[in-house]
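In what follows, a structure is listed as structure tokens, so that the remarks can point back to it.
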Amino acid sequence: MYEIRFHGRGGQGAVMAAQSLADAAVRSGFHAQAFPYFGAERRGAPVQAYARIDTKKVRTKSQVYNPDLLVIMDESLSELADIAAGLKPDGRVVMNTTKRPEEVDLGKGVDAVCGTVDASALALEVLKMPVVNTSMLGALARVWDVVPLESIVEAIEDRFGEKLGTRAGILNGEAARTAYDSTIIGRTLGRKEYGKLAEWAPAWNEIPIGNSLRSETRDGVAVGPASSSQNLTGRWKWSTPRYDREKCIRCLRCWWSCPDSAVIRLDDDYMRWDMDHCKGCGICADICPVNAIEMVQGAHTW
Amino acid sequence: MVVRTITGDAAVAYAAMLARAEVVPGFPITPQTVIIEQITEFINDGIMDADFIPAESEHSVMSVAVGASAGGVRTFTATSSQGLALMYEMLFAAAPSRLPVVMAVANRSLGAASGIWTEHNDSQPVRESGWLQVYVEDNQEALDMTIQAFRIAEDHRVMLPIMVCLDGFILSHVVEGVDIPEQSLVDSFLPKFVPVNVLDPKDPFMINPVTPPEFATEMRYQQDRAVEGSKLVIAEVDEQYAAVTGRRYGGLFEEYRMEDAEIALVGAGTWTGIAREAVDQLRAEGKKAGLIKLRFMRPFPGEELKRATAGLKGLGVFDRSAAFNGYGPVFTETRNALYGSSVPITDHVAGIGGRDITVDVVREMYDIVERNASGEKVRECTWHGLRGEQR
Ligand code: SF4
Ligand code: SF4
């Protein structure tokens, strides 16, 4: 049985990629399954998706811990955490990056066959959109030849065609083919030491009664469930709100509406932005009655 | 001390007043309504200092109760049947949030075929909601246990909500002489509520935020241990209550004429009083009959029952509802607890939808238990008074 783990960010299409790979495997005579990590889905948040491919029925339903193949759709994820953890000794890697494989470092001991492709640029060029999933599938076929490119393109054309229209299906198939051709094969570096992330794994009698988490505690805010101070949602953003204090009528609507509490109310009822946690969703700009907030492309820290 | 001749519902209302409940959300439903009505009268008369909050449904009643309790105040409410069913979702918010709400449940048949009469099929199905559950036998116990319930629920070793279940009509609408303790006596027994978590805008924190799989197992296990741990507190509180009122109930269950008993029945609710009569008659006839009055369904006294029944030749279980697995819920739990015990055990369903239970019906149960004890083949589960042949 082959196990594949996809790492991406919400909105990049990791789940569609895993499903299309499973679809392609079934088309070429395999048994397969694909599923996401089940959780709240938020645009920009790190996500995982999994696929399994076998010559007989896939019975297991657990997540993938020891992948044969790792698909990294967003390079920045490998800076945050040891995402190659559990990769089999002869496991392979496909990565969306401008680097060559020899420059890719996924942590000490990870000396793996690796294919790199600048899927972001390629997707923008072919699809006119920064959605890299289909390009990554093309690159995957180059690195790992179990499921042939033709089945992958067929699955992409069908699945994306059905969802987004025939033309989009064909374009996405095209993106896969182009990525296949431009993928560079090599081996990863395997030198980096990952620091250990602070974690909170309380025993049952260490959890506060009523599962209550207080703001002054490390467990409540820094690392416990639903905590956010360590989780810099501000790193997800593709666009940034710009606040015009002159226009602001201090109605407080943006302050109420921000889902990440990134709009901070000052003593005089004007606002300040916490850019470490503003994820760029645009809700504040949308709700402002006097257009005092404008969304600007790109991640800024003004 | 005053003895008043009052209904079970009124007894519960007196208890809520004496316990100084501070917030009482409510929605009327027979046969509980009298409890809430009586409380609103106490408030109106200026003898009870509480906020009564009329809600638009029982779901909202329990939501208000959860909010009030999380706000750090002593909270009481009451319901029955469909009302309890409508609260279902919020029951599961109160317990894991460890909020010591006290709620009286005047047991009433739930769902179709619609009936207003008593049956335990409203409270039995929610015994897995994380609430503690006590069933009472008479109006005095309804009052005493409502007071005790606050003490048990609010103990920091427990911090769990609790239902005080009283049979609808048979208690809720029957008058009996009830000793109503002095306020000062109740005050000495029941200290002021000291909450563990108090929601306060000046000190914001979360109770039960989204709990991912990494934490949920531990949190549930903690809840499970809290329910089990309440056994100790229930026994302590029974003693402390006896010390001030002279009334002792035995904690998880009470044993009646069990010393040398050979056959016995176990069951909860008003049935117990009728069963006491049956036991006395059988004893007078020279039969070694005994009775275990089951008081708490949660925590379920599994190990304790196994010990108490170890020497018996036969045991029967009374169920006032069906679990539709061929047996009633009390039987399912009891037989599970007695696994490995050699005591032969039978189930006895009776009193469904308020059908009257007489001493003769209970004697019929003892008869089956006795025959089972002597090795005769009997039905594992008997529906008493059923017309038509039981299959
Ligand atoms: S864009 Fe506005 S609403 Fe969205 S996270 Fe940023 S500050 Fe909050
Ligand atoms: S919504 Fe607009 S006007 Fe209102 S407080 Fe925010 S920025 Fe100011």
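Within every chain, numbering begins at 1; the chains are lettered A, B, ... in the order of the sequence lines, protein sequences first and strands thereafter.
- The number of heavy atoms from other shown groups lying within 6.0 Å of CG (B:Asp187) is above 12.
- To the nearest 0.5 Å, atom CG of residue A:Asn211 and atom CD of residue B:Glu218 are 10.5 Å apart.
- Counting heavy-atom pairs closer than 4.5 Å to chain A, the top residue among B:Glu214, B:Met219, B:His156 is B:Met219.
- For A:Lys192, the NZ atom counts as densely surrounded, since its 6.0 Å shell holds more than 12 non-hydrogen atoms of other residues, nucleotides or ligands.
- Contacts between A:Pro202 and chain B at a heavy-atom distance below 4.5 Å involve backbone atoms as well as side-chain atoms.
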Indicate every side-chain donor-acceptor pair of residues 230-237 of chain B with a distance under 3.5 Å to a residue at least two apart or in another chain.
residue: B:Ser230; atom: OG; partner: B:Val227; partner atom: O; Å: 2.6
residue: B:Lys231; atom: NZ; partner: B:Glu228; partner atom: OE2; Å: 3.2
residue: B:Lys231; atom: NZ; partner: B:Phe300; partner atom: O; Å: 3.4
residue: B:Lys231; atom: NZ; partner: B:Glu304; partner atom: OE1; Å: 3.1
residue: B:Lys231; atom: NZ; partner: B:Glu304; partner atom: OE2; Å: 3.2
residue: B:Glu236; atom: OE1; partner: B:Arg157; partner atom: NH2; Å: 2.8
residue: B:Glu236; atom: OE2; partner: B:Arg157; partner atom: NH1; Å: 3.2

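- At distances below 3.5 Å, at least one donor-acceptor pair connects side-chain atoms of B:Asn197 with backbone N or O atoms of A:Ile209.
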Taking distance alone, no hydrogens or angles, what donor-acceptor pairs closer than 3.5 Å link side-chain atoms of residues 98-106 of chain B to residues at least two apart or in another chain?
residue: B:Arg98; atom: NE; partner: B:Met159; partner atom: O; Å: 3.1
residue: B:Arg98; atom: NH2; partner: B:Val158; partner atom: O; Å: 3.0

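- Taking a 6.0 Å sphere around CD of B:Glu303, one finds it holds 12 or fewer heavy atoms contributed by other residues, nucleotides or ligands.
- Contact of B:Arg220 with chain A is not made at all, since no heavy-atom distance falls under 4.5 Å.
- In this structure a side-chain-to-backbone donor-acceptor pair under 3.5 Å is present from B:Gln222 to A:Trp204.
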